[in-house]
Amino acid sequence: MMGAVSLPPFPPQYRGSGLLLHVTSLPSRYGIGDLGPEALSWIDKLAAEGQSWWQSLPLGPTGYGNSPYQPLSSLAGNALLVSPDWLIEDGLLRSSDCQPQSFPEAEVDYDVVIPFKHKLLETAWANFRGDTRAGLRGDYEQFCHEQAHWLNDYALFRALRAKFKGAYYLEWPKELVYREPAALDRACRELADQVGFASFAQFLLYRQGERLKAHARGKGVKLIGDLPFFVSPDSSDVWAHPELFLLDEQRRPRFVAGVPPDYFSSSGQLWGNPVYDWDALRKDGYSWWLSRARALLAYVDAIRLDHFRGFVAAWHVPAGAVTAQTGSWKPGPGAELFRAVQRELSALPFIVEDLGMITADVYALRDEFGLPGTRVLQFAFDGHLDNPHLPGNYVSNAVVYTGTHDNPTTRGWFEDLPDNQRQNLWKAANRRSGTTSDAAPTLMEMAWSSRAALAIAPLQDLLNLGKEARMNVPGRAEGNWRWRCTESMLSDPAFDWLRALTKSSNRFGVNETPNTGKVVEVVS
């Protein structure tokens, strides 16, 4: 085991490293990665190779396009991540219940996986209801009581969504859209079993997530979660708390979120999420945002704050616009929200995504609270010496990535890189030249040797994979979030190289040596 691992903001002497891999991308005989034995084995692998961090993508329940950045709830987890193996261990399933179908090994086929996992969870729910064991039932009832402030709305939302065949909630009967008390009471009675099922799935996730986090802590590996800034328009958040968003009288968004033209898109990105009514959120001390952070921290140790610039100002596009080019910046809560979080949590365990069109006031907010920012090496080689993504311009309290989930793999990126930027890359790396296969290890070497406190690479870059392994193409609605690593990939010699790189770069963490066998309390 490794020693103490600091949480962000990082002390000046800290040097750590890790890998980015979404839970769904883990190997599994059930067609999609989950929180079970393969996740524990992945943590063991990270620890054995000297890595102190595992970063995942958002863990919320996905809706349209299976995007983790369009969750059906900000507070719930994705039931697809429940491990059937742990349900067998709990006596909620039999091995014969879990005979897997013929799933593709290298990608998630959601059309097949979703009904398969749903059937397993329904079987577990039926077995649970017929089980008189007090221990698990008591834990379930305690969970429902403690999480009632969000769970009741979410479970009813999912039950209603199933009843209406997945229809957008604005297409439900008006008395349910407007949450008339009599209609809600009637729905709770009529759909009691389905509401219980949705609550039970969240209980299973929480139970397995606790086990995973405890295992990671014992191995000296810290978990980074990802908190989307916006929520889906078709979510329990908007349905249960319409007052927190800028909606019209029909509960439709008056404005939607996006960004103006940037690196990823010449016409901007039109995300379509509803935007916040910060005046309403401020009135109760940002309690909804505090709940979001607490919910994710039940599963992870630190949080990547997606779209950090939105806390200063967000791009509001009038509803109905065809592109994101027509819009305007509207102010966010700024420092006031972070002071509220600091009072509530006594810490700010955040990494901020300060990418895109960043202005001085965004950097000022980041630095006021000492939050580590994000640097991406794929953005570094435009020839400008003041480029903030060049390693020579880093501060220590930062996290450097070779690329993110929105980038191509580094190998794929290099294949499309103009010759002048290729030359800039080799020059920055103190090399005369290189080949396509050299690009990913070179960027990892630059990241690991940099001043940044934390260096992270997607697993795809460690394995030097090409365009076929890209996780997401921004602006493309279908075909994303499917990539999975195979069992054989985890035996790749690149992991030996990673351990050697981590050792030579002194990235085993502050005052740590790997595999000492000594358990040390976390430094926070």
Side-chain angles (χ1 to χ4, degrees), residues 1-11 13-23 26 33-59 77-78 81-83 85-86 89-90 139 142-143 146-147 202-227 293-304 344-351 372 399 453-456 459 490 495 498-499 502 507-524:
M1 297 179 190
M2 294 185 289
V5 180
S6 294
L7 295 174
F10 298 108
Q13 73 275 27
Y14 183 76
R15 291 180 66 75
S17 62
L19 295 176
L20 169 61
L21 180 71
H22 193 30
V23 178
L26 286 166
D34 58 44
L35 301 179
E38 288 82 6
L40 269 58
S41 295
W42 170 244
I43 289 169
D44 294 345
K45 182 73 173 177
L46 289 171
E49 307 305 344
Q51 305 311 297
S52 43
W53 294 87
W54 172 18
Q55 180 171 334
S56 180
L57 301 184
L59 301 174
N78 186 351
L81 304 183
V82 171
S83 165
D85 292 313
W86 292 156
E89 184 180 287
D90 285 333
D139 291 345
Q142 180 180 353
F143 171 80
E146 292 176 349
Q147 306 301 323
Q202 294 304 304
F203 165 68
L204 296 176
L205 275 169
Y206 185 82
R207 177 178 169 82
Q208 295 186 3
E210 277 191 323
R211 180 174 182 172
L212 182 69
K213 188 176 179 181
H215 183 82
R217 175 164 292 192
K219 292 290 183 176
V221 175
K222 307 308 290 180
L223 308 178
I224 301 174
D226 194 326
L227 187 64
R294 281 195 303 268
L296 183 51
L297 287 170
Y299 296 95
V300 303
D301 302 287
I303 295 174
R304 171 191 177 270
E344 178 75 13
L345 301 180
S346 301
L348 291 171
F350 299 134
I351 295 164
V399 182
L454 182 56
I456 292 180
L459 177 61
L490 300 183
F495 283 95
L498 174 63
R499 182 174 178 80
T502 303
R507 283 200 175 271
F508 285 127
V510 60
N511 298 325
E512 293 178 5
T513 54
N515 299 322
T516 62
K518 183 179 179 182
V519 179
V520 182
E521 288 299 317
V522 174
V523 176
S524 59

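Source: prediction; values computed, not measured.
Put simply, CZ on F350 and CG on L227 are 7.5 Å apart, with the number rounded to the nearest 0.5 Å. Note: S56 OG to W42 CH2 = 11.0 Å, rounded to the nearest 0.5 Å. Between L21 atom CG and K45 atom NZ the span is 13.0 Å, to the nearest 0.5 Å. Put simply, CG on L7 and CD1 on I303 are 11.0 Å apart, with the number rounded to the nearest 0.5 Å.
Ring pair Y206/F143 is tilted by interplanar angle, where 30° to 60° counts as tilted.
A heavy-atom distance below 4.5 Å is found between the side chains of W54 and L212. Taking the side chain as every heavy atom from C-beta outward, L59 and H22 approach each other to under 4.5 Å. Counting heavy atoms from C-beta outward, R304 and Q55 have side chains that approach closer than 4.5 Å. By the 4.5 Å heavy-atom criterion applied to side chains, F495 and R499 are not counted as neighbours. The closest side-chain heavy-atom distance from W86 to L204 is not below 4.5 Å. Side-chain contact between D44 and H215 is present, with at least one heavy-atom pair separated by less than 4.5 Å. Under the 4.5 Å side-chain criterion, counting only non-hydrogen atoms from C-beta, L454 is not in contact with P372. Q51 places none of its side-chain heavy atoms less than 4.5 Å from the side chain of V221.
The backbone N or O of Y299 lies less than 3.5 Å from no partner atom in the side chain of K213, so there is not a single donor-acceptor pair. Side-chain atoms of D301 come within 3.5 Å of backbone N or O of L223 as a donor-acceptor pair.
Taking every heavy atom of both residues into account, L297 and A302 meet most closely at CD2-N, 4.4 Å. Across S83 and P37, no two heavy atoms sit closer than the pair OG-CD, 3.7 Å. Considering every non-hydrogen atom in both G225 and L296, the closest pair reads C-CD2, 4.2 Å. The minimum heavy-atom distance linking I351 with P8 is given by the pair CG1-CG, 4.1 Å. Nearest heavy-atom pair across Y14 and S52 is OH-OG, 3.6 Å.
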Given the rule in the side chain to side chain contact (heavy atoms under 4.5 Å, CB included) test, do I456 and I224 qualify, once you have shown the distances and angles that lead to the verdict? CA-CA 11 Å; I456 292 180; I224 301 174; 3.9 Å; yes

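No hydrogens or angles considered: nothing links the side chains of E49 and T502 as a donor-acceptor pair under 3.5 Å.
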